[in-house]
Amino acid sequence: MSYEHIQIPSSGDKITVKDGNLVVSDNPILGFIEGDGIGGDITRASMRVWNAAVEKAYGGNRKVHWAELFLGEKAAGIYDGNYFPAETLDAVKDLIVSVKGPLTTPVGGGFRSLNVSLRQDLDLYACVRPVQYFDGVPSPMKKPEDVNAIIFRENTEDVYAGIEYESGTPENEKLAKFLREEMGAEFFEGAGIGIKPISAFGSKRLVRKAIQYAIAHGHDSVTLVHKGNIQKFTEGAFRKWGYELAAEEFAAETISEAELWDKHDGVRPEGKIVIKDRIADIMFQLMQLRPAEFSVIATTNLNGDYLSDALAAEVGGMGIAPGANMADHIAVFEATHGTAPKYTNLDKVNPSSLMFSGSMMFDYIGWTEVSALIASAFGKTIKQKIVTYDFARLMDGATEVSTSAFADAIIGNM
Ligand code: NAP
């Protein structure tokens with residue numbers, strides 16, 4: 001594949017997929033997208049940490065060959081005003097694994113969110129957010145160390161499908177008439193109308209990914225989070241399809257919570273993953289009161305949106321929470337916060353969200369030594385109370401440092 005502005009390093013090897021698995025050489029090419037606003041600062045800092053960790057872990061026997069891809073404002077400067085060049089999309093597919101900083105989404109009409117476009121165009125159907133506590137990170141929880149979960153949020157359906165009709169428009173009135181006259185629905189005159197599609201296909205592929213992850217990483221449960229008591233044929237169906245999928249495809253590895261109590265007196269049989277479900281509102285309580293009971297969480301789009309931010313707050317907030325958007329194999333790892341434009345190029349913000357998204361990326365390609373090194377060096381740095389401004393304002397006796405100095409401290413602690 002040839003590109004106009006993207007340079008694929010000839011020194012590295014592209015990642016491929018064989019028999020459903022990634023094939024990664026010791027010299028893989030990984031894509032990176034700097035992003036807008038603070039993207040430059042956090043990418044520069046994270047890149048230094050990632051490269052140092054790879055060097056430290058493998059002593060020069062393995063190396064990442066980075067290919068810069070362009071989206072957002074940087075792309076507009078290079079591609080004559082085009083914020084979303086087609087060749088970037090091609091390269092993300094071609095390289096399979098990439099990491100990206102945040103992108104600006106102007107508020108108001110006429111501009112589709114670049115993040116949403118990327119997710120839709122590449123069908124990145126799972127938004128994956130691990131939530132893990134590091135000793136010393138400021139947290140509102142009494143026992144934040146009990147929070148250790150990974151959320152698989154469905155990324156393509158639900159109220160995010162964009163099927164909405166504004167009050168007073170002919171489309172809205174046509175649909176309202178149909179709903180009232182032909183379907184017997186009752187609702188207030190002039191209501192805005194949104195449609196919430198949730199399919200067996202979309203639910204099952206998300207739950208499949210969550211269960212595969214639980215198996216690969218030795219987790220003991222997968223919790224389906226839904227609002228099925230009220231929205232029976234969407235949220236309730238997600239729950240039903242989740243259990244169905246587990247029974248159809250993972251009967252040997254999983255057991256439902258009902259069966260656990262019916263046949264095993266609540267004692268988990270060795271090696272089995274318990275598939276359970278919780279109603280969304282209760283789940284928010286449980287993740288504050290008894291978070292240790294949950295590990296892998298699979299949920300619908302809107303629930304997942306709320307839940308991932310709420311859980312991130314329990315272990316240090318958005319400045320530190322990592323994430324990824326994934327299809328079956330293509331994965332884009334990304335900072336979960338936005339572009340924080342007021343801090344652009346001030347070398348001030350916390351790079352950890354992007355840095356840990358990179359850690360997830362290294363785990364994904366099987367270079368787990370790299371993420372382990374970063375986690376341990378980060379832990380040491382926090383214990384030394386060397387932090388960026390966001391943590392400094394929540395900690396007593398902290399030394400506030402810049403983005404780049406924070407990266408230096410982490411590298412020094414490897
Ligand atoms: P934001 O950029 O996440 O910033 C909100 C606040 O969060 C910041 O003012 C800052 O708080 C804190 N924050 C964010 N990143 C931080 C970091 N790395 N370190 C420390 N603190 C951090 O949210 P926003 O202001 O609502 O959105 C700005 C733009 O980003 C919008 O165009 C939005 O659409 C876009 N956005 C993009 C993505 C994405 O690309 N995935 C995600 C969300 C938003 P303080 O002011 O308290 O210091």
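Both counts, for ligands and for their atoms, begin at 1 and track the order of listing.
Taking the six-membered ring where the residue is Trp, the centroids of His219 and Tyr213 are separated by under 6.0 Å. For Phe70 and Tyr83, the gap between ring centers reaches or exceeds 6.0 Å.
The closest heavy-atom contact to atom 38 (C) of ligand 1, among the options Ser352, Gly338, Gly323, Ala335, comes from Gly338.
Close N/O approach between Thr104 and ligand 1 is not found [any backbone or side-chain N/O within under 3.5 Å]. The N/O atoms of Ala340, backbone and side chain alike, include one that comes under 3.5 Å of an N/O atom in ligand 1. Considering backbone and side-chain N/O atoms, Leu103 comes within less than 3.5 Å of an N/O atom of ligand 1. Considering backbone and side-chain atoms alike, Val349 places every N or O at 3.5 Å or more from each N or O of ligand 1. Close N/O approach between Thr339 and ligand 1 is found [any backbone or side-chain N/O within under 3.5 Å].
The side chain to side chain donor-acceptor pair (under 3.5 Å) with Arg153 is formed by just one residue from the set Asn301, Asn325, Asn303; it is Asn301.
With Tyr389 as the aromatic partner, Lys348 meets the cation-pi criteria of under 6.0 angstrom to the ring centre and within 45 degrees of the ring axis.
Atoms of ligand 1 found under 4.0 Å from any heavy atom of Lys342, numbered from 1 in the order shown, are 9 (O), 46 (O).
The shortest side-chain heavy-atom distance between Val99 and Trp66 falls under the 4.5 Å cut-off. Contact annotation: the side chain of Ser359 never approaches that of Phe333 to less than 4.5 Å [non-hydrogen atoms, C-beta and beyond].
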